[in-house]
Colleague: 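So that we are looking at the same thing, I have put the structure below in structure tokens.
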Amino acid sequence: MKSIVEKEFPEWLQNTPKETEKRLPDLPNVEKNGVIMRMAPSPSGPLHIGHARMAILNDEYLRRYGGKLILRIEDTNPANIEPDAYQMIQDDLKWLDVKYTDVVVQSERFQIYYDEMKKLIEIGKGYVATTPTEEFKSRKQRGIPVIEREQTPEENLERWDKMVSGEYEKGEAYAVVKTDLSHPNPAIRDFIAFRIIDIPHPLVGDKFSVYPMMNFSVAIDDHYLGLTHVIRGKDHTANTEKQKYIFAYRGWKLPYYLHYGKVSIENSILKTSLIKKGIRNGEFSGWDDPRLGTLLALKKRGINPLSIRKYYVESGIGSVDTTFSWEILYSFNRKIIDPVSPRHFFVNNPVSLRFDFDGALKAEIPLFPTSSKQSDRKYREYVVKRGSIIITSDDYQKNIGGLVRLKDLGYFKINEDSIEFVGAEMTEDVQKWNPSRPLGKVPIIHWLYQNFVPFKVFRPDGKIDEGLLERNALDYMEIVNQFERYGYVNIINEKEGYFTHP
RNA sequence: GCUCCGGUGGUGUAGUCCGGUCAAGCAUAUCGGCCUUUCGAGCCGACGACCCGGGUCCAAAUCCCGGCCGGAGCACCA
């Protein structure tokens, strides 16, 4: 029952605001020149769907406020570097349309880190320890200093020089930044700033053996790169606390920190070490294997990067932990690709049925039924005569003995091993055949006749569907097709496609 | 164990700072209807949530306390 207002004055209801576009909250302390922010991945592999959040949130704010977005590649652990990743990360960001303005590579900045450590030692805020780390840790837990903590700056400086010049072996010495041994959170107490590494770095080789730890290099770089805002995952909240000590010792202005919650991504493989191993032993076809959650895989499956952006913008920057929803991402993607996806028939698990027919039937099947562009009024045209018609075994099983409509061709009866034409739509024949049956309720199924090629679809769950595909689809390579009644598929070559989503 | 941070429908969120307009909005999913020669898109409708318990208050999703649950950190990883 409509209200009087709805009935009499529908225009009153027109101006109620509809579905306001989701928007990220404004950032505090933004000055007129905009913001300076950074993204700081480690080059262990290409980016995956989890990294995309960091990239998109930063990029969205850069677009809003202007300024700089620095891509800072954090390669201070040579054990965990994939040399190709330096480039792959940049390619991934370009695909996401994330417009970083600068690239900084930490392994080019050792001298800065060394100089800064020296300064901290000089002002009594750092020391070089040789106490075994088990002892260091256990004392930290109890809030007790190791003896080196009491050394004079001069002694520490001397040890630091020895460390840098290679007089200690791996594991023998490490440099520490003082925080507060009575800090209630033991995780925040004195932290290691440099350690000795004896494996070569892919970029700088064995030029250095004393490597900064992430908490040290990050603090130094965040200051010298002039960051105004830092947006990162909340797994860094304790790190932020540590880094703030360095800022305080040097009297530096702190950026504004924002930590978003953890996103759990289910049904996907993200761990770089696992992927690398899988690629090496042949389990995965590469970084873009459809089972993986890498951006390369999503790209190959035909996910439009805008749908990923929309997903993360709508998720916001809350600190609650969330579960990534593939369904919502798929829904966003569907809205983008549906109008531009050509329709084709793919018959999975095909069954061939004999077709004894004396005439000829013509089918005109629209390629882009939902497009409003005149230029998209294209059809696949087939003339069907005696021979065989292919349908899926599913449709065969369900409709054997019954009536179906072969989409855009006509009505047919399915028999044990043949298929009979019973009329085209709205013709006298059909009306006679079963006048009481509402024609619209007949199952509409897809079909093939002669013009097809064998085709494989690789699905994200690792399954492979094998069937037959309209040959015409091969004219639409490397774009997402909608295989009618099956799902969206990115055709990657004449024999294979990657499943996008339903 | 210690230290922090959180808990709004199945999922993702809005609202929480500054209590009332929130018997809670949106999206997605599911179900139903309409339209359509796709199981898509579109349109309409339904379903479904403030972790629990106290307290303050005329009034609590919102403030306070306790509990429960979840997450993060406690690396010579980032």
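Every chain is numbered from 1, with letters handed out A, B, ... down the list of sequences. Model, not experiment: these values are computed from the prediction.
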Colleague: Looking at A:Tyr174, I'd like to know if the NZ or CZ of A:Arg195 sits under 6.0 Å from its six-membered ring centre while staying within 45 degrees of the ring's axis.
Modeller: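 Judged by the rule (NZ or CZ under 6.0 Å from the ring centre, within 45° of its axis), A:Arg195 is not positioned above A:Tyr174.
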Colleague: With the threshold set at under 4.0 Å for non-hydrogen atoms, list the residues of residues 167-184 of chain A touching RNA chain B in residue-number order.
Modeller: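 Under 4.0 Å from RNA chain B: A:Gly171, A:Pro184.
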Colleague: Can you tell me which residue among A:Lys140, A:Arg139, A:Arg149 is in a salt bridge (charged side-chain N to carboxylate O under 4.0 Å, His left out) with A:Asp190?
Modeller: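 The passing option is A:Arg149.
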Colleague: How would you list, by chain and number, every residue that makes a side chain to side chain donor-acceptor pair (under 3.5 Å) with A:Lys137, sequence neighbours excluded?
Modeller: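 Counting only residues at least two positions away or on another chain, A:Lys137 forms no side chain to side chain donor-acceptor pair (under 3.5 Å).
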Colleague: Which nucleotide in the list B:rU28, B:rG71, B:rG1 gets nearest to the side chain of A:Ile328?
Modeller: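 Output: B:rU28.
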Colleague: Please list all pairs meeting ring-ring contact (aromatic ring centres under 6.0 Å, His included) that have one or both residues in residues 182-202 of chain A, counting only residues at least two apart or in different chains.
Modeller: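 Sorted pair list: A:Tyr114-A:Phe194, A:Trp160-A:Phe194, A:Phe194-A:Phe216.
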Colleague: When you measure from the centre of the six-membered ring of A:Phe345, is the NZ or CZ of A:Arg380 closer than 6.0 Å and no more than 45° off the axis?
Modeller: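 So A:Arg380 does make the cation-pi contact.
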Colleague: Of the options B:rA72, B:rU11, B:rU37, whose atoms approach the side-chain atoms of A:Ile444 most closely?
Modeller: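 Nearest to the side-chain atoms of A:Ile444, counting from C-beta on, is B:rU37.
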Colleague: Figure out the CD/C1' separation between A:Glu241 and B:rA72, and round it to whole Å.
Modeller: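 Atom-to-atom, A:Glu241 to B:rA72, this comes out as 13 Å.
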Colleague: Show me the pairs that pass salt bridge (charged side-chain N to carboxylate O under 4.0 Å, His left out) and involve residues 161-188 of chain A, at least two apart or across chains.
Modeller: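 As it turns out, the salt bridge (charged side-chain N to carboxylate O under 4.0 Å, His left out) pairs with a partner in residues 161-188 of chain A, which skip direct neighbours, are A:Lys118-A:Asp161.
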Colleague: Scan residues 69-83 of chain A against RNA chain B and write down, sorted by residue number, each residue with any heavy atom closer than 4.0 Å; if none is found, say none.
Modeller: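 Per residue number, the list reads A:Glu74, A:Thr76, A:Asn77.
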Colleague: Measure from the side chain of A:Asn185, starting at C-beta and using heavy atoms only, and say which of B:rU28, B:rA75, B:rG73 lies closest.
Modeller: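 Within the option list, the nearest is B:rG73.
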Colleague: Rounded to whole Å, how long is the line connecting atom CD of A:Glu135 with atom C1' of B:rA75?
Modeller: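 Going from CD in A:Glu135 over to C1' in B:rA75 covers 17 Å.
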Colleague: Side chain of A:Pro186 only, heavy atoms from C-beta on: which candidate in B:rA41, B:rA75, B:rU3 is closest?
Modeller: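 Minimum distance to the A:Pro186 side chain belongs to B:rU3.
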Colleague: Among residues 38-47 of chain A, which ones have heavy-atom contacts with RNA chain B below 4.0 Å?
Modeller: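 Output list: A:Ser42.
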Colleague: So which nucleotide from B:rU13, B:rC39, B:rG73 ends up closest to the side chain of A:Asp235?
Modeller: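 Closest nucleotide among those given: B:rG73.
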Colleague: Output the rounded distance in Å from CZ (A:Phe136) to P (B:rC76).
Modeller: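 Interatomic distance, CZ of A:Phe136 to P of B:rC76: 8 Å.
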